Amino acid sequence: MIRRTLISLGAVALLSATAGAQARTVTVTASEFTFAAPDSIAAGQTTFQLVNRGTELHHMQIVKLDAGKTFADFEASLKNPGPPPSWLSFVGGPNAGIPDGQSMVQVTASLSAGEYVLLCMIPSPDGKPHLMKGMYRPLRVTGTGVTQAGAPTADYVLTLNDYNFDFDKPLKAGTRTIQIKNSAKQWHEAVLVRLPPNVPVTAFMEWLGTGMKGQPPVIPMGGIVALTPGRENLLTVTLEPGEYGLYCFLPAPDGKEHIAHGMFKQITVSK
């Protein structure tokens, strides 16, 4: 989730790479306001699992630096307000789930070799984004990379447009993998929440807009963070029957959030 900033994780990170039947998996645990994650991983398809042991919402935005740019360049760019540098590419990652220390948001992304940064752009109730509180760290990706055997395959396709969410077919309950593709001209994210009975899809937006006081009126289910046009991620999530909301809080060229352009949607998950 990204809100009124341009730019999810900390504490303990475990990396396991197993050939054959299992895809490579990186588990990261979030807290206020740090990351503990591997310093480097091999290129290729990787499943990132985000666990939040903090009390605030956290996500894990993966950004790739253009060749020749360094982590020091990224840190220097934080001193300059405004849009993110053109040499940053947003390649997704797990969006915010429940901060209970047990729930896990699982997103699979294909990373090529290069220099990356993991960061969280969600603001605290004081309005200051976690990024500006030091919630970022470098990640180096090495090698040529291959598609991992055992990686998840998509049950559904969710296409991100300017400004809409389009599923290829209605969702059914169960553990599902959703291929999320940004086919738009702008960057987009997909924030997924479950709506309790009689709670409108707008309740989450209103809670965010009034300073995130108290517990959210919805159940955060994760989703994926910002994708540069042409990028895609795989989201694996367990869905119960009921009502859900999808949102994109990223800024448009006119400075308004995408939700202000109508990029939010209520969806029904059937049995």
Side-chain angles (χ1 to χ4, degrees), residues 1-9 30 50 52 56-63 81-84 88 90-99 105 107 118-133 135-136 158-166 178 180-195 199-229 231 233 235 237 244-267:
M1 174 190 308
I2 305 171
R3 185 159 179 85
R4 293 189 177 89
T5 73
L6 294 175
I7 312 289
S8 307
L9 323 227
L50 177 63
N52 185 356
E56 298 186 21
L57 295 174
H58 294 295
H59 66 200
M60 188 189 86
Q61 175 71 62
I62 308 170
V63 297
L88 289 181
F90 290 76
V91 298
N95 219 313
I98 300 172
V105 181
V107 169
L118 308 180
L119 52 90
C120 181
M121 296 185 280
I122 298 176
S124 292
D126 64 7
K128 190 173 183 179
H130 297 171
L131 173 68
M132 304 311 294
K133 296 185 177 188
M135 200 165 179
Y136 60 91
L158 171 59
T159 302
L160 309 180
N161 296 308
D162 300 327
Y163 298 95
N164 197 17
F165 299 97
D166 290 319
I178 304 170
I180 304 178
K181 305 188 300 182
N182 185 2
S183 298
K185 295 180 180 180
Q186 300 179 50
W187 62 345
H188 290 294
E189 64 174 347
V191 179
L192 176 65
V193 305
R194 186 173 182 192
L195 303 175
V199 173
V201 69
T202 54
F204 185 47
M205 297 148 58
E206 293 166 357
W207 177 78
L208 291 168
T210 55
M212 301 184 292
K213 305 299 182 183
Q215 294 299 311
V218 299
I219 302 169
M221 298 291 294
I224 58 97
V225 282
L227 290 173
T228 297
R231 295 274 186 175
N233 281 177
L235 169 68
V237 62
Y244 292 77
L246 279 170
Y247 311 84
C248 181
F249 295 102
L250 296 177
D254 62 5
K256 296 180 180 179
E257 292 178 348
H258 290 178
I259 56 168
H261 290 277
M263 198 166 179
F264 63 92
K265 176 177 274 189
Q266 184 167 338
I267 57 174

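Keep in mind that this is a model prediction, so the values were computed, not measured. Heavy-atom basis, side chains included; hydrogens, waters and symmetry copies ignored.
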Next item on the list: Please report the closest heavy-atom contact between His58 and Leu50, naming both atoms and the distance.
Entry: O-CD2, 3.8 Å
Check: Stepwise, does the side-chain contact (heavy atoms from CB on, under 4.5 Å) test hold for Asn182 with Thr228?
Finding: CA-CA 7 Å; Asn182 185 2; Thr228 297; 5.8 Å; no
Notebook entry, point to check: Do Leu158 and Leu235 touch side chain to side chain, with heavy atoms closer than 4.5 Å?
Noted result: no
Item checked: Gap separating the CE atom of Met221 from the CD1 atom of Ile98, nearest 0.5 angstrom -> 7.0 Å
Notebook entry, point to check: So which heavy atom on Ile180 is nearest to which on Leu227, and how close?
Noted result: O-CD1, 3.8 Å
Next item on the list: Taking all non-hydrogen atoms of both residues into account, name the closest pair between Gly223 and Val107 and its distance.
Entry: O-CG2, 3.6 Å
Item checked: Shortest non-hydrogen contact between Leu57 and Gly97, atoms and distance -> CD2-O, 3.7 Å
Note to self: Does any part of the side chain of Phe204, heavy atoms only, come nearer than 4.5 Å to the side chain of Val191, both counted from C-beta?
What the structure shows: yes
Note to self: Checking Ala252 now: which residues fulfil side-chain contact (heavy atoms from CB on, under 4.5 Å) with it, not counting sequence neighbours?
What the structure shows: Tyr163, Gln186, Asp254, His258, His261
Notebook entry, point to check: Would you call Phe90 and Val225 a side-chain contact if the rule is heavy atoms closer than 4.5 Å?
Noted result: no
Check: Hey, what do you get for CD1 (Ile259) to NZ (Lys265), rounding to the nearest 0.5 Å?
Finding: 16.0 Å
Next item on the list: To the nearest 0.5 Å, tell me how far Leu246 CG sits from Leu160 CG.
Entry: 9.0 Å
Notebook entry, point to check: Which heavy atom of Pro220 sits nearest a heavy atom of Ala96, and at what distance?
Noted result: CB-O, 3.7 Å
Next item on the list: Determine whether Leu208 and Tyr247 make a side-chain contact, defined as any pair of heavy atoms from C-beta on separated by less than 4.5 Å.
Entry: no
Check: When you look at Asp162 and His188, which way does the side chain to side chain donor-acceptor pair (under 3.5 Å) test go after all the steps?
Finding: CA-CA 8 Å; Asp162 300 327; His188 290 294; 2.5 Å; yes
Next item on the list: Tell me, please, which residues at least two apart from Tyr136 pass side-chain hydrogen bond (donor to acceptor under 3.5 Å, both in side chains).
Entry: Glu75
Next item on the list: Over all heavy atoms of both residues, which pair between Gln215 and Trp207 is shortest? Give the atoms and the distance, please.
Entry: O-NE1, 3.4 Å
Checklist line | Residues forming a side-chain hydrogen bond (donor to acceptor under 3.5 Å, both in side chains) with Ser124, sequence neighbours excluded | finding: Glu56, His130, Lys133
Check: Rounded to the nearest 0.5 Å, how far apart are CD1 of Ile62 and CG of Asn233?
Finding: 7.0 Å
Note to self: Taking the side chain as everything from C-beta on, heavy atoms only, tell me whether Ile122 gets closer than 4.5 Å to Gln61.
What the structure shows: no
Notebook entry, point to check: Heavy atoms, side chains only, cut-off 4.5 Å: are Leu192 and Asn95 in contact?
Noted result: no
Note to self: Could you check whether any side-chain N or O of Glu189 sits under 3.5 Å from a backbone N or O of Phe249, counting only pairs where one atom can act as donor and the other as acceptor?
What the structure shows: yes
